[in-house]
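I have placed the structure first, in the form of structure tokens, so that the comments after it can refer back to it.
The figures that follow rest on heavy atoms only: side chains count, while hydrogens, waters and symmetry mates do not.
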Amino acid sequence: MNMSENSFEGNIPSSMGEMKTLDLLDLSGNKFSGELPTQFLTGCFSLSLLSLSNNKLQGTIFPKYMNLTNLEWLLLDNNNFSGKIEDGLSEAKLLYFLDISNNMLSGHIPDWIGNLSGLNNLLMSNNFLEGNIPVQLNKCRDLRMLDVSKNRLLGSMTSSFNLSSAHHLYLHNNQFNGKIPSALLKSSQLITLDLRYNNFSGSIPHWINESSSLRILLLRGNNLEGAIPRGFSNLSMIESLDLSHNKLSGQIPSQLTELHFLSNFNLSYNNLSGPTPNAGQFANFDESNYRGNPGLCGPTIDKNCTDVLDSPTTEFGNRAEEDESAVDMVSYNNLFGPIPSTGQFATFDETNYKGNPDLCGPTIKKSCSSKLAVSLATSSGEAEEGEYAIDMAALEWSFGVSYVMNLVELDLSWNNFDGHITHCLNNLTNLKVLDLSFNRLPGNFSSVIANLTSLEYLSLSDNIFKGPFSLSLLANHSKLQVLHLSNNLIQVQNESFPWLPTFQLKALYLSNCSILAIPNFPLYQYNLRLIDLSHNKLVGNFPAWLLENNTKLEILYLKNNSLSRIPQLPKSKQNLLHLDISNNKFSGELPSNIGKILPKLFSMNMSENSFEGNIPSSMGEMKTLNVLDFSGNKFSGELPTQFLTGCFSLSLMSLSNNKLQGTIFPKYMNLTNLGQLQLDNNNFSGKIEDGLSEAKFLYFLDISNNLLSGHIPDWIGNLSGLNILLMSNNFLEGNIPVQLNKCRYLQTLDVSKNRLLGSMTSSFNLSSAHHLYLHNNQFNGKIPSALLKSSQLITLDLRYNNFSGSIPHWINESSSLRILLLRGNNLEGSIPLGFSNLSMIESLDLSYNKLSGQIPSQLTKLNFLSNFNVSNNNLSGPTPNAGEFANFDERNYGGNPGLCGPTIHKNCTNVLDSPTTGSSNRAEEDESAVDMKAVFHLSLIILSALDISENLLSGSMGSSLDFTSAASLLVEKCSQSANSKCIVQKALQEHLQGHVPDEL
């Protein structure tokens, strides 16, 4: 039962508990609310897949009476489940995938998780879970992915923590401390290790150097010290390395230039010194990768190394002479407060204290007044003149703040505070700025806020404050200009009585505040620049009056509500720059004058609604429009000429998933500044014209899933900055133009599911390609070596073409290859022994070819191989059963009668003794043997000739049959036939409703 991606509301009916045989249920992407019914959790005991993601469900997760013990896939992410995790799922021994991320769960991760021995993916991020990771998780021997990020987990991780099969570990945004444990790298297959934003300390452990499979290592925002290990050069597959916001010192090892796959690199905000590397991948980095390290130098950061090396304060390991200049060592820190001025300190001046903006005193000619500003934000800014910042760590928070009577600014944002601190604020009546955002503060703040009438800026966003909140409490806050209450558990109430605010806001943020209707007080606001009412429950018409009242309004965000119509816009031109009304229930046509009323728009997002009709030609008046997203609507007709010529500032345009039609890229098109263009899933047809040939900045182009025909145009090669080109599922013909070679940065090419044909020339060379999808076409000849000229190729998908010959040996040299799909071609010969060199391969499909010989035992060395298929070939001999091959079964080998082994429950002794095993032997010449072979091979030929193989595979003919299933169906029909000579024709006529060529 699949009802996903709709707008169903209310409770899930308890009567669903009557569905005793229900195996698959997907209700994701709706608005279901309330608790899961007891009858449902006990009665649907046959469920193997349950997806309730992206709803508004609440209550206890996994109650004790839950009886879904046959579950294999369970997705409850992005709901409002809360409280502790109970043990109602502890007996789900078959569970393979569990996602409970993005809820409000609290308490500890339960020990019983370790009972789910078959668990492969465990996702628990973005909750309020506490404590440490239970050691019982070690029993999940097949756990490949663990994501417990963005919780409140804390403590040092014990050496007994051991996930030996882990591929991806996401532990970021918690409070883990101590040294990084070696247990994290006990998996020889680890690909991702994300420890950002914790409190890990000490040096970077040397054993990380031995993790040759590691591709992503993120250690940002910890307290790591010491040097960057030179052994990092052994991380040969590393793609992303972030060591920023730590306390690392010393030089950047020049050996890191040997990391050929490194594309993301960040060392900013450490204490590093010396020259920055500029060879290899480092030639692509700039000063943004190194900022906050005043001792670094080199052409990359436009800083001469000679000047830096001459300075006594540059090299971390050296010391200045023992004279007064040595005090320069306090420069460029985060020191605060008054500078001493007696004794030897009387001889120093401002040059000794530079780079500490929060210091004050006569020495640096900056007054330390009684006005105090307290900042604990992660990105602190300078206090105003006459003020200085006090680090919160220097105060006894439990009582000290209450005595700071003259405090005017208090910034505690971006910490992990989770106690009831609001009582400390009652006496801070002089506060002008209060920012408590991005913490985990609970409770109700109403009584405290009412007393702080001097506030000009109030931000309480992104906490867990809860309960009703009346905006009338702010009636006397006459100086208030910015109000930010977004992303809490509060319910902002719309008062039944009128009240007149004494303030005039400039910015109002009430996103995700459970608002049912726009509050009354904005009726009296005339100075608003920004309004954010996203992620609420607003209904009715678009509030055009907000634009009429606030002529200075620049930003209006109303996304993810239930607004339904835009009856009209204001009559005069508006100054609006950013408009986002995506994910609502808007329908009907856009106002025809929208471009004349909103000509200054810079970004406009109306995606995921139900707008209909043509895109208004008046949008050509939006000369400054830079970002436009109309995807996921029902717009139809051709794109207006005025729109394609007038919106020349567009850098991003997404019109995906509509019903647009007509010519794509007409000659008069003038969108030369486009960087990203998505026109996929529409009804554009005809040949591809050249109206986009001058878009030199284009890096992303998606025109897949249309009705385009003709050849891929040569001018595509002019788009030299193209990074991703998606053209799948059209009716394109001919070959891939050699001009595409000029796209030196092209990483993803998808031309699958077209009518492309011919042999691919040796001049085809995409040297930077990461992903090539050429499947479901009619390419023939040998697989060209040019496809593997990229040393960074990750995916090569050539399924369902007519490639012939043997599998080329040069594929063995592609050490970066992770996905190789050659299914459904005419490849012959043996499986290359050298495939064992594909050390990173995860998916290998060689099925439905003509391969022969044995399966090389060397393939058991492929430690990352999780998907493997050699079915329907002519292979023989024993199937491997070591390493990853111990996880495969007969489905991976079917259609190879000469194979044997315990994996397919076939004794190798019997096969070797059988006269029918070898290729030189033949079965007895009886009618049934001939019929079986004839039916099978002719079914493949006819299905291919009728070009319906893809329809069978995709299920568009009524069931998701593969070739084996189709052949089995034909054989079954043959057994019911009395005349063997008409077996094939009869069976096919019945199955394909008579569409069989007469000559067959």
Between [X] (side chain only) and [Y] (backbone N and O only), is there a donor and an acceptor less than 3.5 Å apart?
X      : Y      : value
Asn777 : Leu756 : yes
Lys906 : Thr903 : no
Asn873 : Leu846 : yes

Q) Can you tell if the side chain of Lys93 reaches within under 4.5 Å of the side chain of Leu116, non-hydrogen atoms only? A)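 No, their side chains stay 4.5 Å or more apart.
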Q.
Please find the pair of heavy atoms, one from Asn801 and one from His775, that lie closest to each other, and give the distance.
A. ND2-CA, 3.8 Å
Q. So, His771 versus Thr795: side-chain donor-acceptor pair below 3.5 Å or not?
A. yes
Does anything in [range] form a salt bridge (charged side-chain N to carboxylate O under 4.0 Å, His left out)? List the pairs, not counting sequence neighbours.
range            : answer
residues 791-801 : Asp797-Arg799
residues 847-869 : none
residues 836-845 : Arg215-Glu842, Arg823-Asp845

Calculate, to the nearest 0.5 Å, the distance between atoms [atom1] and [atom2] belonging to [X] and [Y] respectively.
X      : Y      : atom1 : atom2 : value
Leu851 : Asn896 : CG    : CG    : 9.0 Å
Ile811 : Ile783 : CD1   : CD1   : 5.0 Å
Leu123 : Ile100 : CG    : CD1   : 9.0 Å
His905 : Glu890 : NE2   : CD    : 4.5 Å

Q) Can you name the side chain to side chain contact (heavy atoms under 4.5 Å, CB included) partners of Met3, sequence neighbours left out? A) Met1, Phe8, Leu27
Q | Which residues share a ring pair (Phe, Tyr, Trp, His ring centres under 6.0 Å) with Trp73, sequence neighbours left out | A | Tyr96, Phe97
Q | Residues which pass side-chain hydrogen bond (donor to acceptor under 3.5 Å, both in side chains) with Ser53, listed by chain and number, not counting sequence neighbours | A | Asp77
Q | Aromatic ring pairing Phe888/Phe885, orientation class (parallel under 30°, perpendicular over 60°, tilted between) | A | perpendicular
Q) Does a salt bridge link Lys782 with Glu828, judged by any charged N lying under 4.0 Å from a carboxylate O? A) no
